[in-house]
Amino acid sequence: MAPSPTGFLHIGGVRTFLFNWLFARQVGGECLLRIENTDTSREVAESVEQIQESLRWLGIDWDGPVKFQLDTADTARELAQQLLRDGHAYEDDGAIRFRQPKEGVVSWEDAVRGHIEFQNDLLPDLVIVRGDGRPTYNFVSPVDDITDGITHVIRGEDHVSNTPSQINILRALGAELPVYAHVPNINGHDGKKLSKRHGAVSVDVFRADGYYPAALMNFLALLGWSYDDHTTVMSPQELVERFSLDRVGASPSTFDYAKLDWLNGVYLRDLDPQEYARFLLVWLGEQGIDWPEETVRATVPLIQEKLEKLSQYPDYVRFLFEPVAPTTEDPATCAAAVEALTPVDPWEHASIETALRNLAERLGQKPRQTFGPIRLAITGAKVSPGLFESLELLGKPESLARLAASS
RNA sequence: GGCCCAUUCGUCUAGUGGCCUAGGACACUGCCCUCUCACGGCGGCGGCACGGGUUCGAAUCCCGUAUGGGCCUCCA
């Protein structure tokens, strides 16, 4: 991965790395994380930390220590000298250029795109070592592939046109060629490269929005890859078992935020309540929301079926943690509710429901007519978790107080 | 401009010459369920970019056009 100047990990790069990871894990290979850095600034160091943190959060791991492109600069320089001696390179204005073959074609069988070939005489003699001695990306990249024993290069399609040069370099060095797989890009809704104006693009923004890591991974895997004609929901383990490069498509896809939201809702609803509470508590902590843990845990059964992502949580349950402004919507019903609820004991949702349904009947109203004003007085909103469960959680004294205040 | 690549419902996709009257999912939408919202159930809308071939037969193969994208840097 290239270190990102902003420090944030772009979701497109993650998707590409995910394909590497799925492939490596499935075939029992190694997955290396290499940072294609060109300097060692503090920005790079922070960016590297950020990349690792985001990857780990998503559930992607890698083997061995993180590698850096810069680490092999010396090796690259030596190999450049070798190419110079062998006549595969020449000096030009202090730089060293690779001498491309002048005839024939260079081709490879791309694991996702099939046969691709370029005419050698159209390839420019590219600079492999700059005048100041720093080797360039297009040289270090294949050199690192040799050094690290890379068998499969799975990368974005923007590298397709670099590949013929890298293959020629590898051949000139007498190295074996890896398998290349160029995966399609991810676009925004306008067909342009996915960027901030389309919505969230960095992993930590998705994290802050309350997406579940496995759901995000599932969604990302489906961008350009499919298992069959009907399977959509797949756990990380299932993805690893089922992934294959030959089922990766060749055409770019559009990031569909609505579908991600739906899929995330599927995962959240399917979560064990204990795990849901754990995930929710961690998220609240990251958001700096400090609500009592026990109450938060108690809300889980009330909202688990309703949320697509955790960022929707606070608005649903805020009434349990903060005061609610009285309403003047229907004072009579609120007053009647106070009377109906005062004798309720024990204060449980079932007994509360009985009392309130009886009240509606006595008033000659449909349940929704009666419950509406009560909901508003209790939660301060027209949309809320189940009314009876909400009343139970709020507690009898506070519930009666709020109804009284609106009567 | 040159080279390379892509093109199936709005979106993600299944489809590798006959199983396709093109299947699924999201979105949208109608009905049902229902204390709101959501969930769930049953329906609906909607697509092979275009033009030529090849073939008994093409979404699938070939050619062209159009559109979109990538690269063309002593960037990565």
Side-chain angles (χ1 to χ4, degrees), chain A residues 1-5 13 35-39 69 92-97 110 112-114 116-119 121-124 126-141 155-165 182 184-187 189-193 219 221-233 246-247 249-263 265-266 268-269 302-308 312 315-316 353 356-357 360 365-376 379 381-391:
Chain A
M1 308 195 79
S4 68
I35 305 296
E36 316 254 67
N37 63 326
T38 178
D39 65 80
Q69 181 178 90
D92 174 32
D93 256 336
I96 302 176
R97 283 188 187 274
D110 197 279
V112 333
R113 315 175 87 81
I116 302 180
E117 66 176 36
F118 287 76
Q119 292 228 199
D121 60 5
L122 263 17
L123 300 175
L126 75 199
V127 169
I128 57 177
V129 179
R130 298 181 181 84
D132 63 8
R134 291 150 56 223
T136 59
Y137 164 79
N138 267 312
F139 186 52
V140 184
S141 186
R155 50 164 42 159
E157 70 177 336
D158 43 328
H159 285 283
V160 167
S161 45
N162 289 328
T163 305
S165 293
H182 289 93
N185 288 330
I186 299 176
N187 296 327
H189 50 76
D190 55 0
K192 304 265 192 270
K193 195 170 180 292
F219 176 78
L222 257 16
L223 240 31
W225 173 80
S226 66
Y227 176 58
D228 56 23
D229 62 343
H230 66 278
T231 309
T232 304
V233 182
D246 58 14
R247 286 197 65 86
S251 52
S253 45
T254 302
F255 198 101
D256 185 353
Y257 291 91
K259 187 165 185 175
L260 203 214
D261 285 353
W262 166 79
L263 188 59
V266 170
L268 289 183
R269 270 175 254 125
L302 310 207
I303 48 80
Q304 183 160 8
E305 205 165 69
K306 300 183 187 299
L307 305 189
E308 285 191 317
Q312 298 165 333
D315 284 345
Y316 259 104
E353 177 166 4
L356 255 21
R357 286 195 188 279
Q365 294 178 331
K366 289 187 179 277
R368 55 185 307 156
Q369 291 179 283
T370 310
F371 299 164
I374 299 175
R375 163 175 284 107
L376 199 55
T379 70
K382 288 187 169 156
V383 174
S384 80
L387 182 57
F388 319 119
E389 291 79 1
S390 294
L391 281 159

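Heavy-atom basis, side chains included; hydrogens, waters and symmetry copies ignored. First the proteins, then the strands, lettered A, B, ... as listed; each starts at 1.
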Taking protein heavy atoms under 4.0 Å as touching, what does nucleotides 39-47 of chain B look like 5' to 3' if B marks base contact, S marks sugar-phosphate-only contact and - marks none? SS-------
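- Nucleotides B:G1 and B:U65, compared at atom P, are 13 Å apart to the nearest Å.
- Taking the side chain of A:Phe371 as heavy atoms from C-beta on, and the options B:U11, B:U36, B:C35, the nearest nucleotide is B:C35.
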Below 3.5 Å is the cut-off: list the nitrogen or oxygen pairs between protein and nucleotides 5-7 of chain B, distance only.
from, atom 1, to, atom 2, distance (Å)
B:C5, O2', A:Arg113, NH2, 2.3

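- A:Arg247 comes within 4.0 angstrom of sugar-phosphate atoms only, judged by non-hydrogen atoms across all strands, and of no base.
- Base engagement by A:Tyr316 is indicated by at least one non-hydrogen atom pair under 4.0 Å involving a base atom.
- Annotation: side-chain hydrogen bond (donor to acceptor under 3.5 Å, both in side chains) contacts of A:Gln312 (sequence neighbours excluded): none.
- Closest approach of A:Arg269 and A:Trp262 over heavy atoms only: NH2-O, 4.3 Å.
- Straight-line distance from the CG atom of A:Asp110 to the C1' atom of B:G70: 13 Å, rounded to whole Å.
- Separating the CZ atom of A:Phe118 from the C1' atom of B:C3 is a distance of 7 Å, rounded to the nearest angstrom.
- Separating the CG atom of A:Leu263 from the P atom of B:C12 is a distance of 16 Å, rounded to the nearest angstrom.
- If you check B:C37, B:C35, B:C12 against the side chain of A:Val383, the one that comes closest is B:C37.
- A:Asn187 has its CG atom 8 Å from the P atom of B:G69, to the nearest Å.
- The CD atom of A:Glu389 sits 14 Å away from the C1' atom of B:A38 (whole-angstrom rounding).
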N/O to N/O distances under 3.5 Å, protein versus nucleotides 21-23 of chain B:
from, atom 1, to, atom 2, distance (Å)
B:G23, N2, A:Asp229, O, 3.2

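- Using a 4.0 Å cut-off between a side-chain N of Lys or Arg and a carboxylate O of Asp or Glu, A:Arg130 and A:Asp132 do not qualify as a salt bridge.
- Across all strands shown, A:Phe219 has no heavy atoms under 4.0 Å from either base or sugar-phosphate atoms.
- When heavy atoms are screened at a 4.0 angstrom cut-off, A:Leu223 is found touching the sugar-phosphate backbone but no base atom.
- For A:Asn185, the listed nucleotide lying nearest its side chain is B:G70; candidates were B:C37, B:C4, B:G70.
- Rounded to whole Å, atom P of B:C37 lies 21 Å from atom CG of A:Leu268.
- In this structure, the nucleotide among B:C12, B:U36, B:U11 sitting nearest to the side chain of A:Asp256 is B:U11.
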Using a 4.0 Å heavy-atom cut-off, write out nucleotides 71-76 of chain B from 5' to 3' as B (base contacted by protein), S (sugar-phosphate only) or - (no contact). S--BSB
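- Remark: A:Tyr227 pairs with no residue by the ring-ring contact (aromatic ring centres under 6.0 Å, His included) rule, at least two apart or across chains.
- Ring centroids of A:Phe371 and A:Phe388 are separated by less than 6.0 Å, placing the two rings close together.
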